Amino acid sequence: MQIAIYSTQPYDRRFLDEALAHHPAHADVTLRYYDVALTADTVPLAQDCQAVCVFVNDILDAPVLDALHGLGVRAVLLRCAGFNNLDVQAAGRLGMFAARVPAYAPEAVAEHTLALVQTLNRHTHRAYNRVREGNFALDGLLGVTLHGKTVGIVGLGQIGLATARIFHGLGCRVLGHDPAPDPHFATLGKVVALPALLAASDIVTLHCPLLESTRHMINQASLARMKPGAMLVNTSRGGLIETAAVIDALKSRHLGALAIDVYEQESALFFRDRLGDILDDDVFQLLLTFPNVLVTGHQGFFTVEAMREIAATTWHNLDCYLRGAPCANRISC
Ligand code: NAD
């Protein structure tokens, strides 16, 4: 069996190879690694493959799925939790097996959320450079103590809950919003409606999936509800935020700071070295000019533990597909 694995970097190959070596049942599986993303143009790379393995920015819309199916591809293995890039109906119509990695160290993303908050709050990125240049002045590095601050968590699933544990442990007052909150949240904070969360929080952090109902949930109206000077953090999916509205809120000084690990148009930018390239995305370039904006390139998940879990679960999902066994990670299409 051959599998076309799209959007891979050397670290993906390392962890997928290592995990496959521990799976004797897959001795006859050949992995065909590609660094390019899956798009309509790159579908032919899956010629002679029975499965494709993809990541967050690969395109799995109806035309791509139709074309893959035409080549004989019957299984889609997502190396991520979110599947907003998959046309579930089209996959169902074609009878394709699609499975994801629903949880691979939610703490990794929650810990990265804290890293972003504290970098922006305590200016450690600036302090690092200053000290290296022999500048020990503290002017411009003033932060706030997180203890006692209110943190609003939008989306109380696995990552939201892990984030709630962290901020609760720091002595913050934790508010949460979720149509179906995890019951464990009750010991960490209080569930409130979204407008109340936005109005009361010093830090608002997004941990809900990107759905049609959540696209641009942070827009001009929701930003206006936020406390003046509050910090907005997004480690979930870029489409949750209407970027133009956030830029307006930063310019008006209403929004105090922005930390994002994800960006609406990230597929054209992230996961590769663009040093020396001219970046055509004016909105992204503008974001980078604000001193109170911090951007990381979708690295929230990127820990050794999470990479091992992604690889192991991906091969487990393949195993279920090959054996025709029930798969808890299967996306119902
Ligand atoms: P999860 O499914 O465990 O939790 C998501 C929660 O969001 C659920 O409890 C759901 O009820 C809630 N939700 C749905 N609609 C909502 C709404 N309108 N308002 C508030 N809450 C809503 O998912 P998770 O594992 O916690 O992951 C959350 C998101 O994090 C994923 O969808 C993915 O997009 C993102 N993610 C990012 C990275 C990264 O590297 N930055 C890594 C993994 C996941």
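This one's a predicted model, so the numbers in the text were calculated from it and none came from an experiment. Note that ligands are numbered from 1 as they come in the structure, with each ligand's atoms numbered from 1 the same way. Starting from 1, each residue takes its place in the sequence as its number.
- Cys333 is not listed as a side-chain neighbour of Phe97, based on a closest heavy-atom distance of 4.5 Å or more.
- Glu305 and Arg308 are not joined by a salt bridge, as no carboxylate oxygen comes within less than 4.0 angstrom of a charged side-chain nitrogen.
- Nearest heavy atoms, Met307 versus Phe301: SD-CE1, 3.7 Å.
- For atom 31 (C) of ligand 1, the closest heavy atom belonging to the protein is Ser236 OG, 4.1 Å.
- Of the protein's non-hydrogen atoms, the one nearest atom 3 (O) of ligand 1 is Gln158 N, 2.9 Å.
- Ion pairing between Arg173 and Asp202 fails under the 4.0 Å rule for side-chain N and carboxylate O.
- Using 4.0 Å as the threshold, Gly155 has a heavy atom nearer than that to some atom of ligand 1.
- For atom 14 (C) of ligand 1, the closest non-hydrogen atom of the protein is Pro209 CD, 3.7 Å.
- Looking at Glu264 and Val283, their side chains never come closer than 4.5 Å, going by heavy atoms from C-beta outward.
- Proximity of Ser201 to Thr150: side-chain heavy atoms (C-beta onward) are separated by under 4.5 Å at one or more points.
- With contacts defined as side-chain heavy-atom distances shorter than 4.5 Å, the pair Leu240/Ile218 does not qualify.
- In this structure, Arg330 and Cys320 have side chains that are not in contact, with every pair of non-hydrogen atoms separated by 4.5 Å or more.
- If you check each of Ile159, Leu211, Ile310 against atom 26 (O) of ligand 1, the one with the closest non-hydrogen atom is Ile159.
- The protein heavy-atom contact nearest to atom 37 (C) of ligand 1 is Thr235 O, 3.2 Å.
- Among protein heavy atoms, atom 28 (C) of ligand 1 sits closest to His207 O, 3.3 Å.
- Given atom 43 (C) of ligand 1, the protein heavy atom at minimum distance is Tyr104 OH, 3.3 Å.
- Residue-level proximity to ligand 1 for His298 is carried by the side chain, the only part with a heavy atom below 4.0 angstrom.
- Heavy-atom proximity to Gly300, at under 4.0 Å, picks out these atoms of ligand 1: 40 (O).
- You'll find the side chain of Glu266 reaches within 4.5 Å of the side chain of Asn57, heavy atoms only.
- Between Arg237 and ligand 1, a contact under 3.5 Å exists for at least one N or O pair.
- Between the side chain of Thr235 and the main chain of Asp261, no donor-acceptor pair closer than 3.5 Å is present.
- With Thr214, Asp178, Leu197 as candidates, the residue nearest to atom 10 (C) of ligand 1 on a non-hydrogen basis is Asp178.
- Of the protein's heavy atoms, His177 O, 3.5 Å lies nearest to atom 20 (C) of ligand 1.
- The shortest N or O to N or O distance between Gln299 and ligand 1 is not under 3.5 Å.
- Nearest protein neighbour of atom 4 (O) of ligand 1, counting heavy atoms only, is Gly157 CA, 3.2 Å.
- With a 4.0 Å cut-off on non-hydrogen atoms, Phe302 does not touch ligand 1 at all.
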Working for side chain to side chain contact (heavy atoms under 4.5 Å, CB included), residues Thr289 and Leu286: CA-CA 5 Å; Thr289 64; Leu286 180 57; 3.8 Å; yes

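- Contact annotation for Leu210 and ligand 1: no heavy atom of the residue comes within less than 4.0 Å of the ligand.
- The N/O atoms of Phe301, backbone and side chain alike, include one that comes under 3.5 Å of an N/O atom in ligand 1.
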Evaluate the side chain to side chain contact (heavy atoms under 4.5 Å, CB included) criterion for residues Lys149 and Val144: first the C-alpha distance (whole Å), next the side-chain angles of each, then the deciding distance (0.1 Å), finally the verdict. CA-CA 9 Å; Lys149 295 292 177 298; Val144 296; 4.2 Å; yes

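- The closest approach between a heavy atom of Pro179 and any atom of ligand 1 is below 4.0 Å.
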